[in-house]
S.K.: 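Would you mind keeping the following structure in view while I ask a few things?
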Protein chains: 2
Amino acid sequence: MKRNTWQREAVREALGGSEGFVSAQALHSSLREQGSPIGLATVYRALSDLATEGEADSLQQEGEALYRACTPGTHHHHLICRNCGLAVEIEADAVESWAKDVAAEHGFTEASHVVDVFGYCAECSAKRA
Amino acid sequence: MKRNTWQREAVREALGGSEGFVSAQALHSSLREQGSPIGLATVYRALSDLATEGEADSLQQEGEALYRACTPGTHHHHLICRNCGLAVEIEADAVESWAKDVAAEHGFTEASHVVDVFGYCAECSAKRA
DNA sequence: ACGCCCGATGATAATGATTGTCAAAAGCGA
DNA sequence: TCGCTTTTGACAATCATTATCATCGGGCGT
Ligand SMILES: [Zn+2]
Ligand SMILES: [Zn+2]
Ligand SMILES: [Zn+2]
Ligand SMILES: [Zn+2]
């Protein structure tokens, strides 16, 4: 059976307190700065578990995995700021059905998809002007 | 100015001869098995250049970068077999405009997107039955 | 509350992909 | 061909992530 540890809860809270996607390394540093003695491997394990359980979304950017707390139980995608990491959850049934259809048309089964939109958020856009 | 070396051409040909996405490591091994003395770093550099010049597409899977020769000059996405790496180029103007619109609606600028569909191709689906 | 069992933790080493270094090799224009 | 400059490739360095494994502590039965 799965146990409840303060470490898991600390990761969950730290993730929830972030507006955007963060890396395991960054989350660990952040927790350490706040005085938590949590270990790096534990952060990796917790994030991996959260992602598996559907409580967090993950994506790969520049060779590293980024995580974000997300609305549990719903399938959705993200609009992510390249500069500050701010993420907005977006839904698009049209894209869902398109992905399913295009896979079926080519004889592919067990289709899944990766859909992420990147850009500079309004705030970051203003700063770079 | 950019120089023409047999190494660059070897990578281009090896990439073109592959039906699906391949990793830099795999492409290097493949070339070595064919007797080519090309170096690993060179394969990485060549693939990176090809991707930059738009002659190859790349994607991240399980922490490693995969490359594939693709139709130059066209923006498209891929339907990829999780088992054998077979890739089919797919186009969907609907998805393109959706991505642009959703970014604009949220005040995001310079929008780009990552859209990949994964599954098991007909052949691999049959094998696993 | 106590004790025990087993999953969880964390310091550390190991892994594996990618990149940096730099001397030697090879394009290409003159 | 000569010389300049880019490219190459063996190797080391880097970086994120995972494996190890001795130790810790959650929580169930008592
Ligand atoms: Zn989400
Ligand atoms: Zn979707
Ligand atoms: Zn392509
Ligand atoms: Zn296949």
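Just so we're on the same page: letters track the sequence lines, and every chain starts at 1.
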S.K.: Looking only at the side chains, is there a donor atom on one of Arg82(A) and Ser112(B) sitting less than 3.5 Å from an acceptor on the other?
M.R.: yes
S.K.: From dG9(D), dA10(D), dT7(D), pick the nucleotide closest to the side chain of Arg32(B)?
M.R.: dA10(D)
S.K.: Using atom CH2 of Trp6(A) as one end and atom C1' of dG25(D) as the other, report the distance to the nearest whole Å.
M.R.: 12 Å
S.K.: Give me the ring orientation class for His113(B) and His75(B): parallel if the planes are under 30° apart, tilted from 30 to 60°, perpendicular past 60°.
M.R.: perpendicular
S.K.: Ignoring hydrogens and geometry beyond distance, is the side chain of Arg3(B) in donor-acceptor contact with the base of dT6(D) at under 3.5 Å?
M.R.: yes
S.K.: Using whole Å, what does the distance between atom C1' of nucleotide dA11(C) and atom NE2 of His28(A) come to?
M.R.: 11 Å
S.K.: Quick check on side chain to side chain donor-acceptor pair (under 3.5 Å): which of His77(B), Arg68(B), His78(B) does Asp57(B) satisfy it with?
M.R.: His78(B)
S.K.: If you take any heavy atom closer than 4.0 Å to DNA chain D, which residues from residues 42-50 of chain B end up in contact?
M.R.: Thr42(B), Arg45(B)
S.K.: Which of residues 7-16 of chain B have a heavy atom under 4.0 Å from DNA chain D?
M.R.: Gln7(B), Arg8(B)
S.K.: To the nearest Å, give me how far apart CD (Gln60(A)) and P (dA16(D)) are.
M.R.: 13 Å
S.K.: Any side-chain donor paired with an acceptor under 3.5 Å for Ser30(B) and Gln34(B)?
M.R.: yes
S.K.: Taking the side chain as every heavy atom from C-beta outward, state whether Leu59(B) and Val114(B) have any atom pair closer than 4.5 Å.
M.R.: no
S.K.: In whole angstrom, give the distance that lies between atom CG of Leu40(B) and atom C1' of dG16(C).
M.R.: 12 Å
S.K.: I'd like to know if the side chain of Ser36(A) reaches the main chain of Arg32(A), judged simply by a donor and an acceptor atom lying under 3.5 Å from each other, with no hydrogens or angles considered.
M.R.: no
S.K.: Quick check on DNA chain C: between Asn4(B) and Thr5(A), whose nearest nucleotide comes earlier from the 5' end?
M.R.: Thr5(A)
S.K.: Between the side chains of Lys2(A) and Glu53(A), is the shortest nitrogen-to-carboxylate-oxygen separation below 4.0 Å, so that they form an ion pair?
M.R.: yes
S.K.: Could you tell me the separation between the CD atom of Glu64(B) and the C1' atom of dT19(C), rounded to a whole number of Å?
M.R.: 16 Å
S.K.: A side-chain contact here means heavy atoms from C-beta on lying under 4.5 Å apart; do Tyr67(B) and Leu15(B) qualify?
M.R.: yes
S.K.: Among dT17(D), dA11(C), dT7(D), which nucleotide sits nearest the side chain of Lys2(B)?
M.R.: dT7(D)
S.K.: Let me know the distance between CD of Gln61(A) and P of dT17(D), rounded to the nearest Å.
M.R.: 12 Å
S.K.: Check whether any side-chain heavy atom of Lys127(B) sits under 4.5 Å from a side-chain heavy atom of Asn83(B), and report yes or no.
M.R.: no
S.K.: Across the strands shown, which category fits Gln25(A) at heavy-atom distances under 4.0 angstrom: base, sugar-phosphate, nothing?
M.R.: base
